[in-house]
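Everything on this sheet refers to the single structure shown next.
None of these values were measured; they are calculated from a predicted model.
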Amino acid sequence: MITPAQAQQIVEDCINEVSTSNEPYVSNKRLGQFGIISDMRVRAFAREIGEDESVGEKAFGHRIAAKELLNITSETIVGDIENIVSAKSVPAVVPQAVASKAAVKKPAVKKPGVKPTVTSKLAKAKKPKNP
């Protein structure tokens with residue numbers, strides 16, 4: 001779970017990524033007070049929270065379902081967004097099948113009846129002696 005302090009950092013950093021406002025960050029302000037007014041900017045802000053690897057949840061090894069951020073508007077209080085981020089985030093886990101495939105390397109298998117390549121023949125050939 002994302003801690004409340006981490007959630008505040010995520011929300012503040014994501015606001016800074018999307019907004020051009022110089023408004024000081026305070027949790028009891030509405031998103032619109034930071035210049036995030038249009039639906040397009042609100043969606044960009046929500047996308048930053050869920051997808052940005054440097055300032056969003058992924059930076060903390062977590063993820064959040066997009067549906068958890070659908071009701072955010074320019075009228076939403078940023079402290080409420082912090083609470084959503086903190087309560088609804090889950091650790092990002094690599095699926096077991098993918099992790100097990102990545103961890104296991106297959107050994108090289110020599111196939112019977114396969115002739116050695118030219119390179120391997122040259123490597124095995126004796127060098128002529130100088131007269």
Work out which heavy atom in [X] is nearest to a heavy atom in [Y]; give both atom names and the distance.
| X | Y | result |
| --- | --- | --- |
| Val85 | Ile2 | O-CB, 4.1 Å |
| Leu70 | Arg43 | O-NH2, 3.6 Å |
| Ser86 | Thr3 | OG-C, 4.0 Å |
| Glu68 | Ile84 | O-CG2, 3.7 Å |
| Gly35 | Ser21 | N-CB, 4.3 Å |
| Met1 | Gln6 | O-OE1, 4.3 Å |

What distance do [X] atom [atom1] and [Y] atom [atom2] have between them, rounded to the nearest 0.5 Å?
| X | Y | atom1 | atom2 | result |
| --- | --- | --- | --- | --- |
| Thr76 | Leu31 | OG1 | CG | 6.5 Å |
| Glu48 | Ile15 | CD | CD1 | 11.5 Å |
| Ser74 | Ile72 | OG | CD1 | 11.5 Å |
| Ile77 | Asn83 | CD1 | CG | 10.5 Å |

Notebook entry, point to check: Taking it one step at a time, do Ile81 and Ile49 satisfy side chain to side chain contact (heavy atoms under 4.5 Å, CB included)?
Noted result: CA-CA 10 Å; Ile81 301 169; Ile49 290 173; 3.9 Å; yes

Item checked: Shared hydrophobic cluster, Val55 / Phe45 (ILVMFWY, side-chain heavy atoms < 4.5 Å) ->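 No, no single cluster joins them.
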
Next item on the list: Using the rule that two of Ile, Leu, Val, Met, Phe, Trp, Tyr join whenever any of their side-chain heavy atoms come within less than 4.5 Å, decide whether Ile37 and Tyr25 are in one cluster.
Entry: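 No, no single cluster joins them.
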
Margin query: Main chain of Asn16, side chain of Ser19: is a donor-acceptor contact present, judged purely on distance under 3.5 Å?
Written below: no

Check: With sequence neighbours excluded, what pairs up with Glu23 under the salt bridge (Lys or Arg N to Asp or Glu O under 4.0 Å) test?
Finding: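 Here the qualifying residues are Lys29.
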
Note to self: List the residues meeting salt bridge (Lys or Arg N to Asp or Glu O under 4.0 Å) with Arg30, not counting sequence neighbours, and say none if there are none.
What the structure shows: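 Partners of Arg30 under the salt bridge (Lys or Arg N to Asp or Glu O under 4.0 Å) test: Glu75.
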
Notebook entry, point to check: Between Val42 and Thr73, does a side chain to side chain contact (heavy atoms under 4.5 Å, CB included) hold up when you go through it step by step?
Noted result: CA-CA 6 Å; Val42 172; Thr73 69; 5.6 Å; no

Check: Quick one: does Leu69's side chain get under 4.5 Å of Ile64's, heavy atoms only?
Finding: yes

Checklist line | Beyond-backbone contact of His62 with Val90, side-chain heavy atoms, under 4.5 angstrom | finding: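 His62 vs Val90: side chains apart.
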
